[in-house]
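Below is one structure, written out as structure tokens; the observations come after it.
These numbers come from a predicted model, not from an experiment.
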Amino acid sequence: MSPGAAEVADQVAAAVLAHPAVAGLHGGSFGTTATHLPGRRVVGVRLGDAQDAVEVGVVLRLGDPLPDVVDQLRRRVAAVVGDVSVDVVVGAVVAPGEEPGDS
């Protein structure tokens, strides 16, 4: 992983979390959607080598059509990472006003 991976992972996470339909990042069933950095992980963002796709796991709020939100998120991530394939995985959805983990 490149030395700037921490900054890129943090920027991707911030860009995704800034979208109003995103309630949070999602690490997947076993927490595998994450970027491992010295001393910490960025859960919900997986960066690989330069040619690998960037994977982002999200929890979305219901409201806007999910395919539209996913396209918007891909564009936000692409603005950070450049010309790399971006996979957006919707790990869960919550009702408006609900937060991930509320039950």
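- When all heavy atoms of Arg40 and Ala6 are compared, the closest pair comes out as NH2-CB, 3.8 Å.
- Note: the hydrophobic cluster containing Val84 also contains Val58 (ILVMFWY, side chain heavy atoms under 4.5 Å, direct or indirect links).
- Between the side chain of Thr35 and the main chain of Val42, no donor-acceptor pair closer than 3.5 Å is present.
- Residues Ala23 and Val94 approach most closely at CB-CG2, 3.9 Å, considering heavy atoms.
- Among all heavy-atom pairs drawn from Arg41 and Ala34, the shortest one is NH1-CB, 3.9 Å.
- Applying the salt bridge (charged side-chain N to carboxylate O under 4.0 Å, His left out) definition to pairs two or more places apart or across chains, those involving residues 56-70 are Arg61-Glu99.
- Residues satisfying the side chain to side chain contact (heavy atoms under 4.5 Å, CB included) criterion with Arg74, sequence neighbours excluded, are Val70, Asp71, Val86, Val88.
- Neither Val54 nor Val89 shares a network with the other; the hydrophobic side chains, linked directly or stepwise wherever heavy atoms of I, L, V, M, F, W or Y lie under 4.5 Å apart, form separate groups for each.
- Considering all non-hydrogen atoms of both residues, Pro20 and Arg76 come closest at CD-NH2, 4.5 Å.
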Walk me through it: do Leu73 and Leu60 pass the test side-chain contact (heavy atoms from CB on, under 4.5 Å)?
CA-CA 11 Å; Leu73 293 174; Leu60 295 181; 4.2 Å; yes
Dump the intermediate steps for side-chain contact (heavy atoms from CB on, under 4.5 Å) on Val69 and Val90, then the final yes or no.
CA-CA 10 Å; Val69 173; Val90 179; over 6 Å; no
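- In terms of heavy atoms, Gly44 sits closest to Leu25 at CA-CB, 4.0 Å.
- For the atom pair Gln72 CD and His19 NE2, the distance stands at 3.5 Å (nearest 0.5 Å).
- To the nearest 0.5 Å, the span separating OG1 on Thr32 from CD on Glu55 amounts to 6.5 Å.
- If you chain together hydrophobic residues whose side chains sit under 4.5 Å apart, Val43 and Val56 never meet in one group.
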